[in-house]
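Note sheet for the following structure.
Residue numbering restarts at 1 for every chain, and letters A, B, ... go by the order of the sequence lines.
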Amino acid sequence: MFGNQIKIKLKREFFERKTLVVARELLGKYLIHRIGTKIISGMITETEAYHGFRDLASHASRGRTKRTEIMFGPAGHAYIYLIYGMYYCLNVVTEREEYPAAVLIRGVEIDQKSNLKNKNFKSKIKIDGPGKLTRHFQIDKNLNGIDVTASRELWIEDRGLRIPSRSIKRTPRIGIDYAGPYKDKKWRFILKP
DNA sequence: CAAGAGATCATCT
DNA sequence: GATGATCTCTTGA
């Protein structure tokens with residue numbers, strides 16, 4: 001049986017809000033990638049917000065280009081790009097059209113079942129880092145631009161978890177030392193273990 | 001443990 | 001031609 005677990009695909013309105021709110025509220029939601037009959041899923045534990053024209057850490061601060069176009073588009077679409085020649089990063093676009101913003105999904109926790117001598121063990125495994133995450137989820141450029149609120153391939157679910165604010169940590173974002181006054185903004189959200 | 005470097009390429013100058 | 005919203009491995013204290 002499937003039990004009575006709530007599973008609600010996040011709608012566009014969820015992503016049309018302020019980027020910092022979306023980044024905060026994505027913690028505890030479930031990222032799902034379906035490849036044929038195979039499902040890869042995990043609970044989101046770490047995000048970062050990139051928003052506005054001035055945020056020097058955001059690709060969009062360099063202007064509207066072919067690559068960043070998607071960040072200026074409607075909320076709920078995936079923004080996926082290649083970084084350092086070998087890793088993909090998965091973002092979801094937020095806020096209104098024409099305002100460039102997205103949330104980078106940096107970490108998830110997955111359930112892993114291992115079978116050892118006829119005994120089933122369930123364990124949680126953490127995947128830290130956007131590059132490792134996309135590698136695990138088998139996400140690449142082919143999914144760039146996809147509408148995560150309509151897709152049956154890639155989406156995000158609410159399974160009814162409420163995350164209290166005391167279990168959330170905020171820190172500056174990673175890998176953006178060049179971002180001047182924006183490098184110290186606490187726009188990274190982490191679900192404490 | 002911390003620090004440094006290499007991998008590797010789409011995107012922008 | 002330079003660089004980056006990263007990761008992994010190596011070196012050295």
Side-chain angles (χ1 to χ4, degrees), chain A residues 10 14-15 17-29 31 33 40 42-96 98-110 112 124-146 148 154 156 168-193:
Chain A
L10 296 184
F14 180 93
F15 299 104
R17 299 173 296 160
K18 292 283 185 190
T19 309
L20 291 176
V21 173
V22 177
R24 149 77 178 78
E25 294 205 3
L26 277 176
L27 297 179
K29 303 295 188 287
L31 176 65
H33 185 199
I40 307 173
M43 185 187 68
I44 297 170
T45 56
E46 187 181 332
T47 60
E48 279 177 6
Y50 291 84
H51 79 286
F53 301 89
R54 297 206 228 283
D55 177 8
L56 295 175
S58 170
H59 295 157
S61 69
R62 304 278 174 183
R64 192 165 180 156
T65 66
K66 192 179 175 191
R67 177 174 63 155
T68 61
E69 182 67 22
I70 184 77
M71 287 185 77
F72 290 80
H77 289 251
Y79 170 46
I80 299 165
Y81 62 90
L82 182 70
I83 189 66
Y84 302 116
M86 45 176 69
Y87 299 106
Y88 289 101
C89 289
L90 169 66
N91 303 250
V92 184
V93 176
T94 58
E95 309 214 24
R96 62 168 207 275
E98 305 301 314
Y99 183 85
V103 174
L104 171 66
I105 300 179
R106 295 186 54 90
V108 294
E109 189 176 86
I110 59 175
Q112 181 152 300
K124 308 274 191 188
I125 303 218
K126 250 203 180 147
I127 300 182
D128 303 275
K132 283 152 78 177
L133 186 149
T134 51
R135 197 175 48 185
H136 172 82
F137 275 84
Q138 297 177 44
I139 288 169
D140 64 19
K141 258 208 123 150
N142 292 318
L143 294 169
N144 189 31
I146 205 170
V148 166
L154 182 70
I156 302 176
I168 294 173
K169 189 175 158 190
R170 291 183 64 167
T171 78
R173 296 167 294 175
I174 300 299
I176 52 147
D177 283 349
Y178 55 83
Y182 285 86
K183 78 179 170 66
D184 297 318
K185 302 272 185 203
K186 293 188 173 181
W187 290 354
R188 177 177 180 226
F189 296 81
I190 304 165
L191 184 55
K192 294 185 202 166

Regarding [X], tell me which of base, sugar-phosphate or nothing describes its non-hydrogen contacts under 4.0 Å with the strands shown.
| X | result |
| --- | --- |
| Gly131(A) | sugar-phosphate |
| Arg135(A) | sugar-phosphate |
| Ile174(A) | sugar-phosphate |

[X] side chain vs [Y] backbone, donor-acceptor pair below 3.5 Å:
| X | Y | value |
| --- | --- | --- |
| Arg62(A) | His59(A) | no |
| Asp55(A) | Tyr50(A) | no |
| His77(A) | Gly145(A) | yes |

Just how far, in rounded Å, is [atom2] of [N] from [atom1] of [X]?
| X | N | atom1 | atom2 | value |
| --- | --- | --- | --- | --- |
| Tyr81(A) | dT3(C) | OH | P | 18 Å |
| Ile127(A) | dT6(C) | CD1 | P | 17 Å |
| Tyr50(A) | dG4(C) | OH | P | 13 Å |
| Leu82(A) | dC7(C) | CG | C1' | 13 Å |
| Arg62(A) | dC12(B) | CZ | C1' | 9 Å |
| Asp128(A) | dC7(C) | CG | P | 9 Å |
| Lys66(A) | dC12(B) | NZ | C1' | 13 Å |
| Leu90(A) | dT6(C) | CG | P | 14 Å |

Is any side-chain nitrogen or oxygen of [X] closer than 4.0 Å to OP1 or OP2 of [N]?
| X | N | answer |
| --- | --- | --- |
| Arg106(A) | dT6(C) | yes |
| Lys141(A) | dT11(B) | yes |
| Arg173(A) | dG4(C) | no |

(message) Partner lookup for dC1(B), please. Criteria are Watson-Crick or G-U wobble with both distances under 3.5 angstrom; report none if nothing qualifies.
(response) dG12(C)
(request) Could you please name the partner base of dG6(B), counting Watson-Crick and G-U wobble pairs only when both distances are under 3.5 Å? (result) dC7(C)
Out of [options], which has the shortest distance to the side chain of [X]?
| X | options | result |
| --- | --- | --- |
| Ile83(A) | dT6(C), dC9(B), dC7(C) | dT6(C) |
| Lys132(A) | dT8(C), dT6(C), dC9(B) | dT8(C) |
| Pro130(A) | dC7(C), dC9(B), dG4(C) | dC7(C) |
| Met86(A) | dT6(C), dT8(C), dT8(B) | dT8(B) |

(message) Does the structure show Tyr84(A) stacking with dT6(C), if we require the centres to be closer than 5.5 Å and the planes to be within less than 30 degrees of parallel?
(response) yes
(request) Classify the side-chain pair Thr65(A)/Thr68(A) by whether it contains a donor and acceptor separated by less than 3.5 Å. (result) yes
(request) Of all the heavy-atom pairs spanning Glu109(A) and Lys124(A), show the shortest one and how long it is. (result) OE1-CD, 3.5 Å
(request) Please work out which of the three classes, parallel, tilted or perpendicular, describes the rings of Phe53(A) and Tyr99(A), given edges at 30° and 60°. (result) perpendicular
